[in-house]
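Before any comments, here is the structure.
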Amino acid sequence: MSYMPNIAIHPGKVLERIILQANMTQKELSLRMGLTEKHISQIINGEASVTTETAVLFELVLGGSSKFWLNLEADYKEAKYRILRQSLLKKEITLLKNFPYKELEKRGYFEKTEKDEQKVEYLQKFFSVSSLLTIEKIEKVAFRKRQENEIKNGFIAAWLRCGELEAKKVDLPEFNEQLLKDNIIKIRELIPDNELNYLSKIRDLLNEAGVSVVFIKHFQGTKINGAVRWIGNNPSIQLSFFNPWIDIFVFTLFHEIGHILLHGKKEKFIEIEDYNAFIDYNKENEANKFATNFLIKEKEFAKFVVNKDFTIENIIAFANAQKIDPSIVAGRLCHESLVTWAFVSSLRKRFNKDVTNEFCKVTI
């Protein structure tokens, strides 16, 4: 936090001391400067500001520099505003509970402090706002009313902001839609045997097409799987590992890619567990359909399920024929209630927590 003065000293106090030392009355000073005695009185009493004109006149009559007086005026105004800001910070202390401050501090976004006013200021700088009250206005999709009270809207806004800050660090080429279409074919065929290598390849292939992908661990109380928006001229995908199953991760990834290819640049989409956070359900359904059919062609899937012979061996054979990881086939079968989650548990892989923490460079 910046230095916070206890009082703001008006230049008039300095002026009063100088003319007293010079044995000069306010009337004499007013005559010498060509100003009214009332104006001089107002400056001394802090009722009028030191303008460029009066600063130059002070230089002529009292000596010194006009910049000295202008700097006094600027310092006074800054100190006065900082004192006001301090009172405003105190008013927003009650809002701290709406955001994952301790977790953000743990992840290195803030320096440690015990002062609540400083915590408020850190959060304001984190969100680039002058008041925490404005966050709801700039992150409307994060604060959309939900039936489930456990969802913490301020935590979602913080998660999105983390992704935005990380995405801006990535040096990307111009977005290339055709290259994205080419590279997602390669992503689809990746096998997650080495999880770190797997995630790195996904990131590299998307970055090559001008798409940033950032992995930000979810905050408790968000239940958020992913999000997508445009940051500047590049689309940005944000993934959380809230649901550590690889089939869910892959579906979420391709769902977000579907939004990029199908929908506009101005919109922001968020995927929350068991809740659709975006108001346009048609676009969500379109993204779902894109992900479903891109990962496993509808005709091929229909041929596979027609006989309902879902042995583990058959699932693996079908996945190999489709050049896709078996966990993705298993996940779709479960989603469509064709098998139970327990039946395909041996096929469904999940990310190791240590791996995701290392990849996200966080400790939680």
Side-chain angles (χ1 to χ4, degrees), residues 1-2 4 89-136 138-139 141-143 146 148-170 195-196 199-200 202-203 212-229 231 236-245 248-249 252 268 270-273 275 277 350-364:
M1 181 182 285
S2 303
M4 185 64 63
L89 291 174
K90 288 181 179 179
K91 290 181 180 180
E92 297 199 355
I93 288 174
T94 57
L95 301 177
L96 285 172
K97 65 180 183 296
N98 298 334
F99 303 94
Y101 185 88
K102 289 184 178 179
E103 188 57 51
L104 287 167
E105 183 183 71
K106 193 174 182 181
R107 296 188 187 190
Y109 287 98
F110 311 133
E111 295 179 6
K112 289 188 177 182
T113 181
E114 299 300 324
K115 298 179 180 179
D116 287 340
E117 293 94 333
Q118 194 166 23
K119 291 178 181 179
V120 172
E121 188 174 52
Y122 280 163
L123 270 177
Q124 290 174 349
K125 289 181 178 179
F126 172 75
F127 282 105
S128 293
V129 295
S130 61
S131 169
L132 298 182
L133 294 171
T134 64
I135 297 172
E136 184 172 352
I138 62 176
E139 287 290 1
V141 70
F143 283 84
R146 300 174 175 85
E148 188 173 353
N149 293 328
E150 293 179 4
I151 297 295
K152 299 178 180 180
N153 299 332
F155 284 46
I156 295 175
W159 183 79
L160 288 170
R161 180 59 174 167
C162 288
E164 182 180 1
L165 292 174
E166 295 304 316
K168 287 180 178 179
K169 297 177 183 178
V170 183
E195 294 174 18
L196 280 176
L199 294 172
S200 296
I202 289 174
R203 180 186 58 199
S212 73
V213 55
V214 291
F215 302 91
I216 307 293
K217 297 291 285 189
H218 70 284
F219 293 115
Q220 186 177 5
T222 58
K223 296 186 177 181
I224 195 163
N225 284 316
V228 65
R229 63 273 179 80
I231 299 176
S236 178
I237 295 172
Q238 186 171 339
L239 301 166
S240 73
F241 300 112
F242 166 71
N243 229 315
W245 300 101
I248 295 177
F249 168 86
T252 301
K268 182 182 295 183
I270 303 176
E271 275 58 62
I272 296 178
E273 186 75 3
Y275 182 83
R350 59 184 296 160
F351 288 105
N352 181 284
K353 186 176 181 180
D354 292 336
V355 171
T356 57
N357 284 348
E358 180 181 347
F359 197 83
C360 294
K361 296 182 178 60
V362 300
T363 302
I364 56 175

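All residue numbers refer to positions in the sequence shown, counting from 1.
- Results of the side-chain contact (heavy atoms from CB on, under 4.5 Å) test with Thr252 over Ile237, Asn225, Asn243, Val228 single out Asn225 as the only residue that passes.
- Note that NZ of Lys169 and OG of Ser212 are 12.5 Å apart. Values are rounded to the nearest 0.5 Å.
- In this structure, Gly154 and Pro100 approach most closely via the heavy-atom pair O-CD, 4.2 Å.
- Smallest separation of non-hydrogen atoms from Thr94 and Lys97: O-NZ, 2.7 Å.
- Thr222 contributes no side-chain N or O that, together with a main-chain N or O of Phe155, makes up a donor-acceptor pair within less than 3.5 Å.
- Glu92 and Gln124 share a donor-acceptor pair across their side chains, judged by distance under 3.5 Å alone.
- Going from atom CG of Leu132 over to atom CD of Glu121 covers 11.0 Å, rounded to the nearest 0.5 Å.
- Relative orientation of the Phe351 and Phe249 rings is perpendicular, given thresholds of 30° and 60° on the angle between their planes.
- Atom OG of Ser131 and atom CG of Leu95 lie 7.5 Å apart (nearest 0.5 Å).
- Residue Lys217 comes nearest to Trp159 through the heavy atom pair O-CD1, 3.3 Å, listed as atom of the first residue, atom of the second, then distance.
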Verdict with reasoning, Phe127 to Phe99, per ring-ring contact (aromatic ring centres under 6.0 Å, His included): CA-CA 11 Å; Phe127 282 105; Phe99 303 94; 5.5 Å; yes

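- Here the shortest heavy-atom pairing between Leu160 and Ala227 reads CD2-CB, 3.8 Å.
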Step by step, work out the salt bridge (charged side-chain N to carboxylate O under 4.0 Å, His left out) result for Lys119 and Glu105. CA-CA 10 Å; Lys119 291 178 181 179; Glu105 183 183 71; over 6 Å; no

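- Leu165 places none of its side-chain heavy atoms less than 4.5 Å from the side chain of Val214.
- Residue Arg203 comes nearest to Phe215 through the heavy atom pair CB-CE1, 4.4 Å, listed as atom of the first residue, atom of the second, then distance.
- In this structure, the side chain of Glu103 does not engage the main chain of Phe219 through any donor-acceptor pair within 3.5 Å.
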For Glu117 and Val120, what are the C-alpha separation, side-chain angles and deciding distance, and is it a side-chain contact (heavy atoms from CB on, under 4.5 Å)? CA-CA 5 Å; Glu117 293 94 333; Val120 172; 5.7 Å; no

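- Under a 4.0 Å N-O distance rule, the pair Glu164/Arg161 qualifies as a salt bridge.
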Please step through side-chain contact (heavy atoms from CB on, under 4.5 Å) for the pair Ile224 and Ile270, ending with a clear verdict. CA-CA 8 Å; Ile224 195 163; Ile270 303 176; 3.1 Å; yes

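- Annotation: side chain of Phe241 is not in contact with side chain of Lys353 (no heavy-atom distance under 4.5 Å).
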In sequence, state the C-alpha distance, the side-chain angles, and the governing distance for Cys162 and Phe126, and then conclude on side-chain contact (heavy atoms from CB on, under 4.5 Å). CA-CA 9 Å; Cys162 288; Phe126 172 75; 3.8 Å; yes

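- Nearest heavy atoms, Asp116 versus Leu96: O-CD1, 3.9 Å.
- The distance from atom CD of Glu139 to atom CD1 of Ile156, rounded to the nearest 0.5 Å, is 10.0 Å.
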Could you go through the side-chain contact (heavy atoms from CB on, under 4.5 Å) check for Ile216 and Arg107 one step at a time? CA-CA 10 Å; Ile216 307 293; Arg107 296 188 187 190; 3.7 Å; yes

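- When side chains are defined from C-beta on, Ile272 does not count as touching Phe242, because their heavy atoms never get closer than 4.5 Å.
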